[in-house]
Amino acid sequence: MQGHVLVVEDSELVASALSVLLESAGHRVSIAGSVAEALALSPAEPRSLVLLDLTLPDGDGLALVDPLRALRWNNVVALTGHDDPDTRARCISGGCVDVLVKPVPARELVSKVATWLG
Amino acid sequence: MSRVESITKPLAMTGTTTPEARVATLEAQLKEAIVEIAELRARDALKTQFLANISHDLRTPLTAVITHGEILRDGILGDLSPRQMESVRGIINGGRQLLNQVGEILTYARGAANQLTIVPTRFGIREVLDQISTLNAPLVKKKRLTLVIDAEPDLPPVMADREKIAHVLANLLGNAIEFTPTGGRVWVRASRASLEKSEQIASVLVEVGDTGVGIAAEHHDLIFREFAQVDATPSRPHHGTGLGLTIARKLVELHGGRIWVESELGSGSRFYFMVPFEQTD
Ligand SMILES: Nc1ncnc2c1ncn2[C@@H]1O[C@H](COP(=O)(O)OP(=O)(O)O)[C@@H](O)[C@H]1O
Ligand SMILES: [Mg+2]
(Lines give C-alpha, C1' and ligand atoms only; values in the text may rest on other atoms or scores of the structure.)
(Ligands and ions follow the chains in the order given, each with its own letter.)
Protein backbone atom coordinates (compact mmCIF):
# COMPACT_ATOMS: atom_id res chain seq x y z
CA MET A 1 0.00 0.00 0.00
CA GLN A 2 1.41 3.38 -0.98
CA GLY A 3 1.09 6.55 1.00
CA HIS A 4 2.73 9.63 2.41
CA VAL A 5 5.77 9.19 4.68
CA LEU A 6 7.08 12.02 6.80
CA VAL A 7 10.73 11.55 7.73
CA VAL A 8 11.69 13.64 10.78
CA GLU A 9 15.46 13.41 10.77
CA ASP A 10 18.17 16.00 11.29
CA SER A 11 20.86 14.24 9.29
CA GLU A 12 20.47 15.17 5.61
CA LEU A 13 22.56 12.12 4.72
CA VAL A 14 20.17 9.73 6.42
CA ALA A 15 17.04 11.59 5.31
CA SER A 16 18.07 11.49 1.67
CA ALA A 17 18.93 7.77 1.83
CA LEU A 18 15.48 7.12 3.31
CA SER A 19 13.71 9.21 0.70
CA VAL A 20 15.47 7.44 -2.20
CA LEU A 21 14.41 4.14 -0.66
CA LEU A 22 10.81 5.05 0.11
CA GLU A 23 10.17 7.00 -3.10
CA SER A 24 11.43 4.01 -5.07
CA ALA A 25 8.84 1.96 -3.23
CA GLY A 26 6.20 4.37 -4.56
CA HIS A 27 5.58 6.53 -1.49
CA ARG A 28 5.47 10.28 -1.31
CA VAL A 29 8.16 11.47 1.11
CA SER A 30 8.38 14.71 3.08
CA ILE A 31 11.33 15.63 5.25
CA ALA A 32 11.45 17.72 8.41
CA GLY A 33 14.87 18.39 9.88
CA SER A 34 13.77 19.73 13.26
CA VAL A 35 10.91 19.92 15.75
CA ALA A 36 10.00 23.37 14.38
CA GLU A 37 9.88 22.16 10.77
CA ALA A 38 7.70 19.22 11.73
CA LEU A 39 5.28 21.48 13.61
CA ALA A 40 4.90 23.75 10.56
CA LEU A 41 3.44 20.87 8.53
CA SER A 42 -0.05 20.62 7.17
CA PRO A 43 -2.43 17.94 8.45
CA ALA A 44 -1.86 14.39 7.30
CA GLU A 45 -3.67 12.77 4.40
CA PRO A 46 -5.56 9.51 4.98
CA ARG A 47 -2.69 7.08 4.43
CA SER A 48 0.32 8.50 6.18
CA LEU A 49 3.17 7.55 8.48
CA VAL A 50 5.89 9.36 10.44
CA LEU A 51 9.42 7.99 10.84
CA LEU A 52 10.71 9.89 13.85
CA ASP A 53 14.32 10.43 14.90
CA LEU A 54 14.64 11.13 18.64
CA THR A 55 17.53 13.55 18.89
CA LEU A 56 16.68 16.68 16.97
CA PRO A 57 18.64 19.93 17.04
CA ASP A 58 15.85 21.85 18.78
CA GLY A 59 14.47 19.18 21.10
CA ASP A 60 13.31 15.66 21.83
CA GLY A 61 11.57 13.96 18.91
CA LEU A 62 9.10 12.30 21.27
CA ALA A 63 7.70 15.70 22.20
CA LEU A 64 6.35 15.74 18.63
CA VAL A 65 4.08 12.72 19.00
CA ASP A 66 1.12 14.61 20.47
CA PRO A 67 1.29 17.74 18.26
CA LEU A 68 1.64 15.49 15.18
CA ARG A 69 -1.44 13.54 16.33
CA ALA A 70 -3.35 16.81 16.44
CA LEU A 71 -2.44 17.17 12.75
CA ARG A 72 -3.80 13.63 12.21
CA TRP A 73 -0.33 12.12 11.80
CA ASN A 74 -1.42 9.17 13.94
CA ASN A 75 1.05 6.54 12.86
CA VAL A 76 4.40 7.41 14.45
CA VAL A 77 7.34 5.00 14.35
CA ALA A 78 10.56 5.85 16.18
CA LEU A 79 13.70 5.42 14.12
CA THR A 80 16.64 5.82 16.45
CA GLY A 81 20.36 5.24 16.79
CA HIS A 82 19.96 4.19 20.42
CA ASP A 83 19.49 0.45 20.79
CA ASP A 84 19.08 0.29 24.58
CA PRO A 85 15.93 -1.01 26.30
CA ASP A 86 15.32 2.33 28.07
CA THR A 87 14.93 4.15 24.77
CA ARG A 88 12.55 1.48 23.48
CA ALA A 89 10.37 1.77 26.57
CA ARG A 90 10.39 5.56 26.39
CA CYS A 91 9.23 5.48 22.75
CA ILE A 92 6.41 3.04 23.38
CA SER A 93 5.11 4.92 26.40
CA GLY A 94 5.53 8.13 24.38
CA GLY A 95 2.96 6.88 21.87
CA CYS A 96 5.07 5.36 19.08
CA VAL A 97 3.58 2.29 17.41
CA ASP A 98 7.02 0.69 16.97
CA VAL A 99 10.73 1.35 17.50
CA LEU A 100 13.39 0.61 14.89
CA VAL A 101 17.13 0.88 15.34
CA LYS A 102 19.14 2.49 12.56
CA PRO A 103 20.29 1.25 10.15
CA VAL A 104 17.18 -0.80 9.41
CA PRO A 105 17.93 -3.17 6.49
CA ALA A 106 16.46 -1.55 3.35
CA ARG A 107 14.12 -4.38 2.42
CA GLU A 108 12.85 -4.71 5.99
CA LEU A 109 12.04 -1.00 6.19
CA VAL A 110 10.16 -1.07 2.90
CA SER A 111 8.04 -4.03 3.97
CA LYS A 112 7.34 -2.58 7.42
CA VAL A 113 6.30 0.76 5.97
CA ALA A 114 3.88 -1.05 3.64
CA THR A 115 2.40 -2.89 6.64
CA TRP A 116 1.92 0.25 8.73
CA LEU A 117 0.33 2.09 5.86
CA GLY A 118 -2.02 -0.91 5.78
CA MET B 1 59.91 13.45 37.47
CA SER B 2 56.36 14.09 36.34
CA ARG B 3 53.64 14.70 38.87
CA VAL B 4 52.19 11.29 38.13
CA GLU B 5 55.50 9.59 38.83
CA SER B 6 55.84 11.50 42.05
CA ILE B 7 52.61 9.88 43.19
CA THR B 8 53.53 6.34 42.30
CA LYS B 9 57.24 6.30 43.15
CA PRO B 10 58.55 6.10 46.71
CA LEU B 11 58.92 9.56 48.14
CA ALA B 12 62.40 10.98 48.27
CA MET B 13 63.51 12.10 51.71
CA THR B 14 66.54 14.10 50.72
CA GLY B 15 67.26 17.37 52.43
CA THR B 16 64.86 16.96 55.33
CA THR B 17 66.27 16.97 58.78
CA THR B 18 63.69 16.96 61.53
CA PRO B 19 60.79 14.48 61.72
CA GLU B 20 58.35 17.42 61.76
CA ALA B 21 59.78 18.79 58.55
CA ARG B 22 59.52 15.33 56.93
CA VAL B 23 55.91 14.97 58.03
CA ALA B 24 55.15 18.40 56.60
CA THR B 25 56.75 17.48 53.26
CA LEU B 26 54.83 14.21 53.11
CA GLU B 27 51.57 15.94 53.90
CA ALA B 28 52.15 18.50 51.18
CA GLN B 29 52.97 15.77 48.68
CA LEU B 30 49.90 13.81 49.72
CA LYS B 31 47.66 16.83 49.19
CA GLU B 32 49.17 17.39 45.77
CA ALA B 33 48.66 13.73 44.92
CA ILE B 34 45.00 13.85 45.94
CA VAL B 35 44.39 16.89 43.76
CA GLU B 36 46.24 15.23 40.87
CA ILE B 37 44.22 12.01 41.14
CA ALA B 38 40.95 13.95 41.16
CA GLU B 39 42.06 15.83 38.04
CA LEU B 40 43.03 12.62 36.25
CA ARG B 41 39.72 10.99 37.16
CA ALA B 42 37.81 13.97 35.83
CA ARG B 43 39.80 13.92 32.60
CA ASP B 44 39.31 10.17 32.25
CA ALA B 45 35.55 10.60 32.67
CA LEU B 46 35.57 13.34 30.03
CA LYS B 47 37.38 11.10 27.57
CA THR B 48 34.97 8.25 28.23
CA GLN B 49 32.04 10.58 27.59
CA PHE B 50 33.72 11.81 24.42
CA LEU B 51 34.16 8.20 23.29
CA ALA B 52 30.49 7.48 23.92
CA ASN B 53 29.39 10.63 22.04
CA ILE B 54 31.66 10.16 19.06
CA SER B 55 30.84 6.49 18.62
CA HIS B 56 27.15 7.29 18.76
CA ASP B 57 27.55 10.09 16.21
CA LEU B 58 29.55 7.86 13.86
CA ARG B 59 26.48 5.70 13.45
CA THR B 60 24.65 8.44 11.54
CA PRO B 61 26.85 8.67 8.41
CA LEU B 62 27.31 4.89 8.56
CA THR B 63 23.56 4.46 8.43
CA ALA B 64 23.46 6.52 5.24
CA VAL B 65 26.31 4.53 3.64
CA ILE B 66 24.73 1.17 4.46
CA THR B 67 21.23 2.20 3.40
CA HIS B 68 22.44 3.52 0.03
CA GLY B 69 24.43 0.31 -0.46
CA GLU B 70 21.38 -1.82 0.28
CA ILE B 71 19.23 0.24 -2.09
CA LEU B 72 21.67 -0.64 -4.88
CA ARG B 73 22.14 -4.27 -3.81
CA ASP B 74 18.43 -4.96 -3.62
CA GLY B 75 17.91 -3.72 -7.17
CA ILE B 76 15.61 -0.92 -6.02
CA LEU B 77 17.19 1.42 -8.58
CA GLY B 78 17.60 -1.28 -11.24
CA ASP B 79 19.60 -4.45 -11.78
CA LEU B 80 23.35 -4.52 -11.27
CA SER B 81 25.96 -6.44 -13.23
CA PRO B 82 27.72 -9.20 -11.22
CA ARG B 83 30.84 -7.03 -10.80
CA GLN B 84 28.79 -4.04 -9.64
CA MET B 85 27.00 -6.32 -7.21
CA GLU B 86 30.30 -7.57 -5.81
CA SER B 87 31.49 -4.02 -5.29
CA VAL B 88 28.28 -2.91 -3.61
CA ARG B 89 28.37 -5.93 -1.30
CA GLY B 90 31.88 -4.84 -0.32
CA ILE B 91 30.55 -1.42 0.66
CA ILE B 92 27.76 -2.94 2.75
CA ASN B 93 29.99 -5.51 4.46
CA GLY B 94 32.60 -2.88 5.25
CA GLY B 95 29.92 -0.58 6.60
CA ARG B 96 28.33 -3.31 8.76
CA GLN B 97 31.72 -4.32 10.15
CA LEU B 98 32.54 -0.73 10.99
CA LEU B 99 29.12 -0.34 12.60
CA ASN B 100 29.81 -3.36 14.82
CA GLN B 101 33.17 -2.01 15.89
CA VAL B 102 31.66 1.38 16.64
CA GLY B 103 28.96 -0.42 18.64
CA GLU B 104 31.61 -2.22 20.69
CA ILE B 105 33.32 1.08 21.47
CA LEU B 106 29.98 2.56 22.51
CA THR B 107 29.19 -0.39 24.79
CA TYR B 108 32.67 -0.20 26.30
CA ALA B 109 32.37 3.54 26.94
CA ARG B 110 28.91 3.13 28.50
CA GLY B 111 30.23 0.35 30.70
CA ALA B 112 33.20 2.45 31.81
CA ALA B 113 30.82 5.33 32.64
CA ASN B 114 28.48 2.95 34.53
CA GLN B 115 25.68 3.65 32.07
CA LEU B 116 24.79 0.03 31.36
CA THR B 117 21.80 -1.49 33.11
CA ILE B 118 20.67 -5.10 33.31
CA VAL B 119 17.10 -5.77 32.14
CA PRO B 120 16.41 -9.35 33.28
CA THR B 121 13.90 -11.66 31.62
CA ARG B 122 13.55 -15.43 31.98
CA PHE B 123 14.94 -17.50 29.10
CA GLY B 124 16.61 -20.78 28.27
CA ILE B 125 20.36 -20.53 27.79
CA ARG B 126 20.10 -23.22 25.10
CA GLU B 127 18.10 -20.86 22.84
CA VAL B 128 20.83 -18.24 23.08
CA LEU B 129 23.53 -20.82 22.31
CA ASP B 130 21.61 -21.92 19.22
CA GLN B 131 21.05 -18.34 18.10
CA ILE B 132 24.75 -17.48 18.40
CA SER B 133 25.83 -20.65 16.66
CA THR B 134 23.47 -19.96 13.75
CA LEU B 135 24.87 -16.45 13.42
CA ASN B 136 28.41 -17.82 13.30
CA ALA B 137 27.69 -20.76 11.00
CA PRO B 138 28.98 -19.06 7.81
CA LEU B 139 32.34 -18.25 9.44
CA VAL B 140 32.63 -21.72 10.93
CA LYS B 141 32.02 -23.21 7.52
CA LYS B 142 34.45 -20.88 5.80
CA LYS B 143 37.25 -21.90 8.20
CA ARG B 144 36.18 -25.57 8.05
CA LEU B 145 35.87 -25.70 11.84
CA THR B 146 33.77 -28.13 13.83
CA LEU B 147 31.40 -26.32 16.20
CA VAL B 148 29.70 -28.33 18.93
CA ILE B 149 26.94 -26.88 21.11
CA ASP B 150 26.06 -28.80 24.21
CA ALA B 151 23.69 -27.89 27.05
CA GLU B 152 23.02 -30.07 30.08
CA PRO B 153 19.49 -31.50 29.85
CA ASP B 154 16.91 -29.99 32.22
CA LEU B 155 18.96 -26.84 32.72
CA PRO B 156 16.52 -24.42 34.39
CA PRO B 157 15.89 -21.10 32.66
CA VAL B 158 17.94 -18.14 33.84
CA MET B 159 16.73 -14.72 34.94
CA ALA B 160 19.18 -12.43 33.16
CA ASP B 161 19.58 -9.80 30.46
CA ARG B 162 19.22 -11.93 27.36
CA GLU B 163 20.83 -9.49 24.93
CA LYS B 164 23.83 -9.00 27.18
CA ILE B 165 24.36 -12.72 27.74
CA ALA B 166 24.14 -13.18 23.96
CA HIS B 167 26.71 -10.41 23.58
CA VAL B 168 29.14 -12.17 25.96
CA LEU B 169 28.72 -15.44 24.07
CA ALA B 170 29.12 -13.75 20.70
CA ASN B 171 32.39 -12.15 21.79
CA LEU B 172 33.80 -15.39 23.23
CA LEU B 173 32.72 -17.54 20.30
CA GLY B 174 33.92 -14.88 17.86
CA ASN B 175 37.37 -15.03 19.45
CA ALA B 176 37.41 -18.84 19.53
CA ILE B 177 36.66 -18.92 15.80
CA GLU B 178 39.10 -16.14 15.05
CA PHE B 179 42.05 -17.62 16.93
CA THR B 180 41.58 -21.22 15.77
CA PRO B 181 43.29 -22.20 12.53
CA THR B 182 41.40 -23.92 9.70
CA GLY B 183 40.19 -27.42 10.49
CA GLY B 184 40.13 -26.97 14.28
CA ARG B 185 37.42 -27.55 16.87
CA VAL B 186 35.32 -25.04 18.79
CA TRP B 187 32.70 -25.86 21.41
CA VAL B 188 30.21 -24.22 23.76
CA ARG B 189 28.92 -26.07 26.82
CA ALA B 190 26.40 -24.99 29.42
CA SER B 191 25.94 -26.73 32.74
CA ARG B 192 24.86 -26.19 36.33
CA ALA B 193 27.40 -24.95 38.86
CA SER B 194 27.55 -22.88 41.98
CA LEU B 195 29.16 -19.54 42.35
CA GLU B 196 30.99 -19.17 45.63
CA LYS B 197 30.65 -15.80 47.26
CA SER B 198 29.64 -15.58 50.88
CA GLU B 199 27.31 -18.48 50.15
CA GLN B 200 26.83 -20.93 47.30
CA ILE B 201 24.67 -19.41 44.57
CA ALA B 202 23.04 -21.66 41.96
CA SER B 203 24.48 -20.57 38.63
CA VAL B 204 24.86 -21.54 35.03
CA LEU B 205 28.40 -22.24 33.87
CA VAL B 206 29.22 -21.67 30.21
CA GLU B 207 32.43 -22.87 28.61
CA VAL B 208 33.61 -21.63 25.23
CA GLY B 209 36.59 -23.72 24.14
CA ASP B 210 38.80 -24.06 21.09
CA THR B 211 41.81 -26.00 19.81
CA GLY B 212 43.39 -22.75 18.59
CA VAL B 213 46.60 -20.84 19.23
CA GLY B 214 46.15 -20.58 23.01
CA ILE B 215 47.25 -17.84 25.42
CA ALA B 216 50.38 -17.85 27.61
CA ALA B 217 49.70 -17.71 31.37
CA GLU B 218 51.35 -14.29 31.69
CA HIS B 219 48.69 -12.84 29.38
CA HIS B 220 45.62 -14.23 31.14
CA ASP B 221 44.97 -11.02 33.09
CA LEU B 222 46.08 -8.66 30.36
CA ILE B 223 43.56 -9.81 27.74
CA PHE B 224 40.59 -8.75 29.90
CA ARG B 225 41.91 -5.19 30.05
CA GLU B 226 40.62 -2.54 27.66
CA PHE B 227 42.34 -2.36 24.27
CA ALA B 228 44.73 -5.20 25.22
CA GLN B 229 45.78 -7.72 22.60
CA VAL B 230 48.54 -10.28 22.98
CA ASP B 231 49.98 -9.20 19.66
CA ALA B 232 49.38 -5.48 19.36
CA THR B 233 51.99 -4.72 16.70
CA PRO B 234 50.59 -2.87 13.69
CA SER B 235 51.54 -5.81 11.42
CA ARG B 236 49.59 -8.29 13.56
CA PRO B 237 47.50 -10.73 11.55
CA HIS B 238 44.38 -9.98 13.55
CA HIS B 239 42.56 -6.67 13.74
CA GLY B 240 40.09 -5.88 16.43
CA THR B 241 39.37 -3.23 18.98
CA GLY B 242 40.77 -5.22 21.91
CA LEU B 243 37.49 -4.56 23.72
CA GLY B 244 35.66 -7.88 23.29
CA LEU B 245 36.81 -9.47 26.53
CA THR B 246 36.65 -6.21 28.50
CA ILE B 247 33.00 -5.91 27.51
CA ALA B 248 32.35 -9.59 28.23
CA ARG B 249 33.79 -9.21 31.72
CA LYS B 250 31.79 -6.04 32.38
CA LEU B 251 28.52 -7.67 31.29
CA VAL B 252 29.14 -10.81 33.33
CA GLU B 253 30.04 -8.78 36.42
CA LEU B 254 26.90 -6.65 36.02
CA HIS B 255 25.05 -9.96 36.48
CA GLY B 256 26.99 -10.71 39.66
CA GLY B 257 28.95 -13.42 37.88
CA ARG B 258 32.56 -14.00 36.96
CA ILE B 259 34.64 -14.86 33.89
CA TRP B 260 38.06 -16.47 33.51
CA VAL B 261 40.31 -18.33 31.11
CA GLU B 262 42.30 -21.56 31.15
CA SER B 263 44.86 -21.81 28.40
CA GLU B 264 48.44 -22.41 27.42
CA LEU B 265 50.27 -21.27 24.35
CA GLY B 266 49.72 -23.79 21.56
CA SER B 267 47.11 -25.93 23.28
CA GLY B 268 43.81 -24.12 22.75
CA SER B 269 41.77 -21.99 25.16
CA ARG B 270 38.78 -22.46 27.38
CA PHE B 271 36.91 -19.36 28.51
CA TYR B 272 34.37 -19.82 31.30
CA PHE B 273 31.71 -17.60 32.73
CA MET B 274 29.21 -18.14 35.49
CA VAL B 275 26.00 -16.21 36.04
CA PRO B 276 23.48 -16.80 38.87
CA PHE B 277 20.14 -18.29 37.78
CA GLU B 278 18.37 -15.53 39.70
CA GLN B 279 19.27 -11.86 39.80
CA THR B 280 19.02 -10.62 43.37
CA ASP B 281 18.52 -6.92 44.25
N1 LIG C 1 40.12 -17.93 22.04
C2 LIG C 1 41.27 -17.25 22.02
N3 LIG C 1 42.43 -17.84 21.65
C4 LIG C 1 43.60 -17.15 21.65
N5 LIG C 1 43.74 -15.86 21.99
C6 LIG C 1 42.62 -15.20 22.37
C7 LIG C 1 41.35 -15.85 22.40
N8 LIG C 1 40.42 -14.94 22.83
C9 LIG C 1 41.10 -13.79 23.04
N10 LIG C 1 42.42 -13.93 22.78
C11 LIG C 1 43.47 -12.90 22.92
O12 LIG C 1 42.94 -11.86 23.70
C13 LIG C 1 43.02 -10.61 22.98
C14 LIG C 1 41.87 -9.71 23.37
O15 LIG C 1 40.63 -10.23 22.88
P16 LIG C 1 39.40 -9.26 22.71
O17 LIG C 1 39.25 -8.49 23.97
O18 LIG C 1 38.25 -10.06 22.23
O19 LIG C 1 39.87 -8.22 21.61
P20 LIG C 1 40.13 -8.43 20.05
O21 LIG C 1 39.48 -9.72 19.63
O22 LIG C 1 39.50 -7.23 19.43
O23 LIG C 1 41.63 -8.44 19.88
C24 LIG C 1 43.06 -11.01 21.52
O25 LIG C 1 43.67 -10.03 20.72
C26 LIG C 1 43.88 -12.29 21.59
O27 LIG C 1 45.28 -11.96 21.68
MG1 LIG D 1 37.53 -10.29 20.09
Side-chain angles (χ1 to χ4, degrees), chain A residues 2 5 7-29 31 33-34 51-57 60-61 77-93 99-114, chain B residues 52-80 88-89 91-100 102-111 113-121 160-167 251 254:
Chain A
Q2 280 149 3
V5 183
V7 175
V8 184
E9 164 68 68
D10 63 328
S11 159
E12 276 179 41
L13 280 173
V14 173
S16 84
L18 292 176
S19 52
V20 171
L21 178 64
L22 297 170
E23 281 171 0
S24 305
H27 305 296
R28 197 152 75 74
V29 178
I31 295 172
S34 63
L51 295 178
L52 183 67
D53 184 18
L54 299 190
T55 43
L56 296 168
D60 182 4
V77 174
L79 195 56
T80 166
H82 297 263
D83 57 357
D84 54 296
D86 288 357
T87 302
R88 170 167 279 276
R90 214 162 62 83
C91 292
I92 296 296
S93 66
V99 186
L100 299 178
V101 178
K102 287 186 267 191
V104 188
R107 249 183 294 208
E108 185 182 327
L109 187 63
V110 168
S111 81
K112 289 207 161 166
V113 165
Chain B
N53 294 347
I54 194 83
S55 45
H56 185 261
D57 289 351
L58 285 171
R59 297 171 57 107
T60 299
L62 268 173
T63 291
V65 169
I66 293 168
T67 304
H68 279 297
E70 290 179 348
I71 288 170
L72 291 173
R73 181 199 61 192
D74 296 347
I76 289 169
L77 299 180
D79 289 343
L80 300 186
V88 166
R89 279 190 200 284
I91 294 173
I92 298 170
N93 290 344
R96 289 258 167 214
Q97 190 176 327
L98 189 51
L99 190 70
N100 275 342
V102 165
E104 286 292 270
I105 298 174
L106 183 57
T107 305
Y108 159 72
R110 286 201 183 130
N114 290 320
Q115 290 167 1
L116 291 177
T117 43
I118 295 291
V119 184
T121 55
D161 189 316
R162 186 182 166 134
E163 255 176 66
K164 293 191 173 64
I165 296 296
H167 194 158
L251 299 181
L254 280 174

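Residue numbers start from 1 in every chain, and the chains themselves are labelled A, B, ... in the order their sequence lines are given, proteins ahead of strands. Model, not experiment: these values are computed from the prediction.
Interface residue B:I66: only side-chain heavy atoms are found under 4.5 Å from chain A. For B:L116, no part sits under 4.5 Å from any heavy atom of chain A, backbone or side chain. Contact of B:L106 with chain A is not made at all, since no heavy-atom distance falls under 4.5 Å.
Atom CD1 of B:I71 and atom CG of A:L22 lie 8.5 Å apart (nearest 0.5 Å).
Listed by chain and number, the residues in a side chain to side chain contact (heavy atoms under 4.5 Å, CB included) with A:A78 are A:L54, A:C91, A:C96, A:V99 (sequence neighbours excluded).
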Problem - Test side-chain contact (heavy atoms from CB on, under 4.5 Å) applied to B:L77 and A:V20, step by step - result: CA-CA 9 Å; B:L77 299 180; A:V20 171; 4.1 Å; yes

Donor and acceptor N/O pairs, chain A versus chain B, under 3.5 angstrom:
{"residue": "A:G81", "atom": "O", "partner": "B:R59", "partner atom": "NE", "Å": "3.2"}
{"residue": "A:G81", "atom": "O", "partner": "B:R59", "partner atom": "NH2", "Å": "3.3"}
{"residue": "A:H82", "atom": "NE2", "partner": "B:H56", "partner atom": "NE2", "Å": "3.3"}
{"residue": "A:K102", "atom": "O", "partner": "B:R59", "partner atom": "NH2", "Å": "3.0"}
{"residue": "A:A106", "atom": "N", "partner": "B:E70", "partner atom": "OE1", "Å": "2.7"}
{"residue": "A:R107", "atom": "NE", "partner": "B:D74", "partner atom": "OD2", "Å": "3.4"}
{"residue": "A:R107", "atom": "NH2", "partner": "B:D74", "partner atom": "OD1", "Å": "3.2"}

